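Working notes, beginning with the structure itself.
Both ligands and their constituent atoms are indexed starting at 1 by order of listing. Because the structure is predicted, anything quoted here is derived from the model rather than measured.
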Amino acid sequence: MTEAEGVRRRDFINIAAVSAAGVAGVGIVVPLVSQMSASADVLAASSTEIDISAIKPGQAIKAEFRKQPVFVRNLTPKEIEEANAVDVSSLRDPQTLEERTKEGKTNWLITMGVCTHLGCVPLGAGEGEAKGEFGGYFCPCHGSAYDTAARIRKGPAPKNLEVPEYEFASDTVVKIG
Ligand code: FES
């Protein structure tokens with residue numbers, strides 16, 4: 001190989017290395033972008049509308065939001081009273097019922113149906129299910145008990161049942177997400 005040929009060959013190797021890096025760079029950027037747009041699509045498509053007109057005071061339903069259970073509960077005046085009678089400063093995750101519901105609609109308690117301990121689905125939203133000693137929800141996995149505002153009162157769960165983003169599309173339809 002002459003010296004000139006040697007230089008050309010090195011140049012070629014350098015150029016090849018640079019374009020490989022360039023391609024790898026593109027390879028990294030593309031999945032990120034497509035992941036971002038996919039999740040935006042998923043988010044838009046996965047808001048859930050729930051007709052609440054048939055849920056009587058004292059009843060609850062289980063719905064699904066982004067593949068997870070959601071509890072929609074129509075609290076009785078007594079359950080509202082019980083929630084409001086609690087000294088909030090004594091709670092593990094201090095929140096009032098008012099903070100966990102929409103103004104003027106404190107009877108509608110809408111939460112994720114996912115225990116904040118290890119993610120089991122608590123009982124209490126289905127007909128005849130145990131509501132636990134605080135009258136809200138009871139997680140049978142390790143005994144977490146939630147009150148009528150779905151606040152954690154006993155057991156290993158660290159947090160209240162999560163209140164998802166939602167709004168009232170009308171008096172009888174709730175849009176979650
Ligand atoms: S997952 Fe609910 S108490 Fe453990």
Worksheet item: With the threshold set at 4.0 Å, does a side-chain nitrogen-carboxylate oxygen contact exist between Lys102 and Glu167?
Response: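 No salt bridge links Lys102 with Glu167.
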Item to complete: Output all residues satisfying side chain to side chain donor-acceptor pair (under 3.5 Å) with Asn84, sequence neighbours left out; order by chain, then residue number.
Response: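 Here no residue qualifies.
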Worksheet item: To which residues is Ile176 joined in a hydrophobic cluster, defined by side-chain heavy-atom contacts under 4.5 Å among Ile, Leu, Val, Met, Phe, Trp and Tyr, whether direct or through other members?
Response: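 Reading the cluster by chain and number, Ile176 sits alongside Ile50, Ile52, Ile55, Ile61, Phe65, Val70, Val72, Trp108, Ile110, Met112, Val114, Val163, Tyr166, Phe168, Val174.
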Discussion item. Side-chain heavy atoms under 4.5 Å apart, restricted to Ile/Leu/Val/Met/Phe/Trp/Tyr: what other residues fall into the cluster of Val86, or is it alone?
Written reply: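 Hydrophobic cluster check, Val86: joined to Val88, Leu91.
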Worksheet item: Linking I/L/V/M/F/W/Y whenever their side-chain heavy atoms sit closer than 4.5 Å, directly or via other members, would Phe138 and Leu161 fall into one cluster?
Response: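 Shared cluster, no.
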Worksheet item: Taking atom 4 (Fe) of ligand 1 as the center, what protein N, O or S atoms are found at less than 2.8 Å?
Response: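 The answer, once waters are left aside, is His117 ND1, His142 ND1.
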Worksheet item: Any donor-acceptor pair under 3.5 Å linking the side chain of Arg66 with the backbone of Thr48?
Response: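 Checked: no pair found.
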